[in-house]
Novice: 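Handing you a structure now.
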Number of protein chains: 2
Amino acid sequence: MTSLPSILGGLDPTSDRAVFRQIADQLREAIDRGRFKEGDKLPSEAELVEHYGVSRMTVRNSFSILQGEGLVHAEHGKGVFVRPRPPVRRLASDRFARRHREQGKSAFIVEADAASSQPKVDSLEVKEEKASQDISNRLGDSVRRVLARRRRYLLDGRPVEFATSYLPLDIARGTQIAEPNPGPGGIYARLEELGHQLDHFEEEIRARMPSPSEVKTLQLAAGVPVIHLIRTAFDTAGRAVEVCDTVMAADAYVLSYQLPAT
Amino acid sequence: MTSLPSILGGLDPTSDRAVFRQIADQLREAIDRGRFKEGDKLPSEAELVEHYGVSRMTVRNSFSILQGEGLVHAEHGKGVFVRPRPPVRRLASDRFARRHREQGKSAFIVEADAASSQPKVDSLEVKEEKASQDISNRLGDSVRRVLARRRRYLLDGRPVEFATSYLPLDIARGTQIAEPNPGPGGIYARLEELGHQLDHFEEEIRARMPSPSEVKTLQLAAGVPVIHLIRTAFDTAGRAVEVCDTVMAADAYVLSYQLPAT
DNA sequence: CAGTGGTCTAGACCACCGG
DNA sequence: CGGTGGTCTAGACCACTGA
């Protein structure tokens with residue numbers, strides 16, 4: 001163990017920068033420089049209080065900055081640790097290609113296979129409900145009620161994504177799409193069997209901080225944003241046949257797309 | 001002005017939930033219900049101290065939660081306000097279509113026009129430099145040095161995006177691409193004139209909390225993540241001719257993509 | 001048990017804003 | 001100037017962890 005003074009400098013009393021920011025800066029720099037590596041424990045609050053000669057709240061303020069940046073996380077009774085970067089799932093632009101469906105794989109499984117992690121789905125709920133204004137706009141204004149399929153995806157035991165699919169009742173009611181298990185290839189395979197040959201998808205992407213309920217559902221650490229993705233599936237007749245609203249833990253994903261140059 | 005007790009409830013001393021979380025919950029709910037609207041001033045710390053009968057630090061802790069969620073922002077000497085949602089730029093999947101280039105418009109201008117806001121570019125820097133390992137990987141391992149074009153984009157005076165384009169020297173050196181102003185249609189138009197007919201782009205998207213320097217450059221409020229986008233442009237020969245590394249204020253953007261179903 | 005972080009208090013002084 | 005948020009102190013008690 002290297003001594004603290006050799007890793008962290010002193011404070012600059014002449015600086016305009018608040019003391020707790022200076023402390024946060026020094027800790028951040030130490031992390032960036034690799035003096036503290038992923039998973040390492042930072043000095044305890046008491047140690048920093050002594051090293052810098054400040055009060056405990058000042059040290060805690062510093063930690064709170066780093067937590068907000070997603071750099072560290074605190075574990076009650078143990079310490080404050082450099083947050084390890086979790087393995088990310090790369091979503092490729094061909095993830096909805098028909099050849100995958102024809103192999104009986106859903107998009108999530110295809111990706112999980114590629115990342116060779118253990119995929120799981122839970123908290124499945126399938127019910128009919130009233131369409132929100134936004135969903136109605138996307139599925140066509142005549143669509144008032146929809147079939148909603150909610151599920152949460154886990155990778156290696158960690159929840160990474162919460163998604164709800166909305167389908168018009170005239171398409172989905174009474175079909176296997178309305179069953180908890182939609183069968184091989186997922187609901188997209190069923191839609192095609194029902195005569196809705198898929199033509200393309202549109203995806204809208206936003207990023208923002210999670211709501212408290214999203215923090216809970218995805219067990220998000222402090223300083224982890226979510227990616228909010230809204231996908232609409234269109235059949236060859238030009239009809240929107242499904243809208244999928246997905247909230248993903250941003251630290252678990254890299255999305256990838258191809259754009260035409262023409 | 002409605003009185004505080006009619007908007008905010010009391011505390012539940014029997015609850016396990018920390019007092020400052022309960023206060024944050026009540027404020028959040030009041031905002032969600034529309035009791036406080038965008039731009040509205042929340043009760044001052046002193047008012048909440050009195051209303052709840054807690055110490056000031058407890059109230060400030062509540063505010064700090066809401067700030068972390070991006071719901072409110074504090075203005076020194078004025079108060080704490082519900083953060084207004086800024087206008088967003090929608091990036092369409094056809095934003096690099098050749099027809100736009102042929103009209104002499106760069107992608108940013110095309111989008112800004114659509115949003116009818118005042119676009120601006122500043123802090124332009126064009127220089128040759130050593131390619132980072134990642135850039136080198138993307139442009140082809142033989143590419144060691146690159147032309148880097150850095151610029152910041154503003155919309156209605158607000159910085160929303162900071163981007164760096166990297167191009168292999170054998171393509172860009174001595175051309176108009178190496179000039180501060182690359183001419184009508186931007187560097188993609190120049191690349192095509194130089195014989196690199198563009199075929200497609202690949203975009204990689206991540207979301208995360210900003211670094212301190214990104215906070216500064218983009219003047220980000222607390223609780224605003226960034227979207228990190230890395231785009232690679234390929235010519236019809238299959239060569240990567242440009243990599244563009246972009247960091248965007250997440251609250252200013254909605255990205256939109258089309259995916260094939262085949 | 002000792003060490004850790006989590007919560008909370010009751011003050012203090014400061015910097016900024018608007019009238 | 002009074003009111004606002006920004007910073008900081010010096011304590012207190014609690015809950016959780018691991019030996």
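Note: hydrogens, waters and symmetry copies are ignored here, and every other heavy atom, side chains too, is used.
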Novice: The criterion is side chain to side chain contact (heavy atoms under 4.5 Å, CB included); which residues satisfy it with A:Ser44, sequence neighbours excluded?
Specialist: A:Lys41, A:Ala46, A:Glu47

Novice: Give each protein N/O atom lying under 3.5 Å from an N/O atom of nucleotides 1-3 of chain C, with the pair distance.
Specialist:
| unit_1 | atom_1 | unit_2 | atom_2 | d |
| --- | --- | --- | --- | --- |
| C:dG3 | N2 | A:Gly77 | O | 3.1 |

Novice: Can you see whether A:Asp12 engages A:Thr14 through a side-chain donor-acceptor pair at a distance of less than 3.5 angstrom?
Specialist: yes

Novice: Applying side-chain hydrogen bond (donor to acceptor under 3.5 Å, both in side chains), name anything that partners A:Asp122, two or more places apart in sequence or on another chain.
Specialist: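 Here the qualifying residues are A:Arg152.
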
Novice: Going by side-chain hydrogen bond (donor to acceptor under 3.5 Å, both in side chains), name the residues that satisfy it together with B:Glu69, two or more places apart in sequence or in a different chain.
Specialist: B:Arg28

Novice: Under the side chain to side chain contact (heavy atoms under 4.5 Å, CB included) test, which residues partner B:Glu29, sequence neighbours left out?
Specialist: B:Arg33

Novice: With rounding to the nearest 0.5 Å, note down the distance linking NZ in A:Lys37 to CZ in A:Phe81.
Specialist: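 Answer rounded to 0.5 Å: 15.5 Å.
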
Novice: Heavy-atom contacts under 4.0 Å between residues 56-72 of chain A and DNA chain D, which residues?
Specialist: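 Within residues 56-72 of chain A, the residues near DNA chain D are A:Arg56, A:Met57, A:Thr58.
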
Novice: Quick check: does any side chain N or O of B:Thr217 sit under 3.5 Å from a backbone N or O of B:Ser213, one acting as donor and the other as acceptor?
Specialist: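 Between the backbone of B:Ser213 and the side chain of B:Thr217 there is a qualifying donor-acceptor contact (under 3.5 Å).
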
Novice: Within residues 20-29 of chain B, find the residues that approach DNA chain C with a heavy atom at under 4.0 Å, and present them sorted by residue number.
Specialist: B:Phe20, B:Arg21

Novice: Look at the side chain of B:Arg83 and the backbone N and O of B:Gly70, then say whether any donor-acceptor pair between them is shorter than 3.5 Å.
Specialist: yes

Novice: Minimum heavy-atom separation for A:Ala163 to A:Tyr153, with atom names?
Specialist: CB-CE1, 4.2 Å

Novice: Under 4.0 Å from any heavy atom of chain B: name the first and the last nucleotide of DNA chain D that qualifies, 5' to 3'.
Specialist: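 Both ends considered, the range comes out as D:dG3 to D:dC8.
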
Novice: Can you tell if the side chain of B:Phe63 reaches within under 4.5 Å of the side chain of B:Leu48, non-hydrogen atoms only?
Specialist: yes

Novice: Report for the helix from C:dC1-D:dG18 to C:dG18-D:dC1: angle between first-end and last-end helix axes, five pairs each, rounded to 10 degrees.
Specialist: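 Both end axes considered, the difference amounts to 10°.
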
Novice: For the OG1 atom of B:Thr232 and the CZ atom of B:Arg138, what is their distance to the nearest 0.5 Å?
Specialist: 5.5 Å

Novice: Would you confirm whether B:Arg149, through its side chain, and B:Pro180, through its main-chain N or O, come within 3.5 Å as a donor-acceptor pair?
Specialist: yes

Novice: Using the test side chain to side chain contact (heavy atoms under 4.5 Å, CB included), find all partners of B:Arg17 that sit at least two apart in sequence or belong to another chain.
Specialist: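 Here the qualifying residues are B:Ser15, B:Arg21, B:Gln22, B:Asp25.
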
Novice: Which residues satisfy the side chain to side chain contact (heavy atoms under 4.5 Å, CB included) test with A:Asp16, sequence neighbours excluded?
Specialist: none

Novice: Just to verify, what does B:Tyr52 make a side-chain hydrogen bond (donor to acceptor under 3.5 Å, both in side chains) with, not counting sequence neighbours?
Specialist: B:Gln26

